[in-house]
Amino acid sequence: MRNYNMYDLIQKKKTGGELSRAEIDFMVKNYTGDIIPDYQMSAMMMAIFFEGMNEEETLFLTEAMAKSGDMLDLSAIKGIKVDKHSTGGVGDKTSLALAPMVAACGLKVAKMSGRGLGHTGGTIDKLESFPGFTTEICVDKFINNVNEIGMAIMGQTNELAPADKKLYALRDVTATVDQMSLIASSIMSKKLAAGADAIVLDVKTGSGAFMKEEKDAVLLAEEMYRIGNNAGRKTIALVTDMDQPLGLAVGNSLEVKEAIETLKGNGPADFVELCVALGAQMLIAGGLALNQEEGEAKIRATIKDGSALKMMAGFITAQGGDAAYVYHPEKLPGAAIIEPVFSPGPGYIEKIICDEIGRCSLILGGGRVTKDSIIDLAVGIVLTKKVGSQVSQGEVLAYIHGNDSGKIAEAKERLLGAYKISENKVEVPLLIKRVIS
Ligand code: URA
């Protein structure tokens, strides 16, 4: 690898120049190896923040970060491997239901997931509601399970894109997170390293999302779409609503219960719609459906014939859990107190401030305040009314599931403040705002 002077590279970017692949590879490798100091990389991140990166530079940065650690080799799994990634939000339990649905259609699902910080837990935290279940499995077992059962989920290792881990932490303290190419390359570096042939992205927008404005979510989706396809992975991006929680349940075991109910055919309409839409795109990308209509029909069939629920039971058992909890989700962790929250007036739900509902779950103990916080899997909120619903005075808006009456009282006040009720009829908002393919 050619050597460069980091000072020259910063100067070049600061004055609007374009960095070559060799220059970016040098920078990423030597930053990860602690040779380039934080102060020079901070200056580079700030230069990129103001000058931006073109499509090629963004791809070079993504690939350099992906290759900075282990690149998962999934070639021992037959067929096209399709991954799905969500930028996250309140009540987003999509992977829990979607993975068994697409796996039941014959698509091999080899998924790496993470834990959550803030709001609610991540996919792994939610899955740990099943006693004994673990995502700490070795790559051989991971691949074996996918081949034998159809799906497996393992935790992200420290060796997955370590350059991104170090850079993200630096950006976090130097006010350089919110740059579109840097966000897109950060997310996609982990996806490329995770080894899938195709990637379906669910980019959320709204008050509960990382991207509050739809126009920003579209820009991010387009940027990630370009990176994925330029890197040779077929990529499709959906921009979807996160201006109110997804489904009705928010909180770890409550979301697992809702995902199981969805596999049994009793899921909330918006959550089912999202799973069906994303699932269809995954089947198309994997060559198992010709178009959206065929893909959607195949996904719906896995709910109707029970094959998705059976897949979930097989997956939970194979990773140390007990399938009895899939068939009897009432056995999953439950809170000691379930408190209803009543509507202060009649009308139609006009708005539910989504991140406030996430914060209620955090107050109850359902999310992490710091990386080391221990989360309470049982607590959370189950909404009974969503945007567009009619409500009468004194009718239940939501149920708070908690283990501490002080925290419940605090969450209740916040929850009431998150609802806006209008006298006029309110339309149900559009869930899927854009498909970029
Ligand atoms: N999530 C990531 O993984 N990276 C970013 O830069 C922002 C959000």
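Note that the structure is predicted; figures quoted are calculated from it, not measured. For ligands, and for the atoms within them, numbers begin at 1 and follow the listed sequence. Both backbone and side-chain heavy atoms feed into the values below; hydrogens, waters and symmetry mates do not.
- Across every non-hydrogen atom of Leu254 and Ala249, the tightest pair is O-CB, 3.5 Å.
- Under the 6.0 Å cut-off for aromatic ring centres, Phe26 and Tyr31 do not qualify, their centroids lying 6.0 Å or more apart.
- Considering every non-hydrogen atom in both Asn252 and Gly366, the closest pair reads ND2-O, 2.9 Å.
- Regarding atom 1 (N) of ligand 1, its nearest protein heavy-atom neighbour is Tyr168 OH, 3.6 Å.
- Between Arg233 and Asp197 there is no salt bridge, since no side-chain N of the basic residue sits under 4.0 Å from a carboxylate O of the acidic one.
- Heavy-atom contacts of Phe210 reach the following atoms of ligand 1: 7 (C), 8 (C) (cutoff under 4.0 Å).
- Per-residue contacts place Ile187 under 4.0 angstrom from the following atoms of ligand 1 (heavy atoms of the residue considered): 1 (N), 2 (C), 3 (O).
- The shortest N or O to N or O distance between Arg171 and ligand 1 is under 3.5 Å.
- The two residues Lys204 and Ala217 have their closest heavy-atom pair at O-CB, 4.0 Å.
- Counting heavy atoms only, Ser186 comes closest to atom 4 (N) of ligand 1 of the residues Ser189, Ser186, Ser181.
- Close contacts of ligand 1 with Lys190, meaning ligand atoms under 4.0 Å from a residue heavy atom, involve 2 (C), 3 (O).
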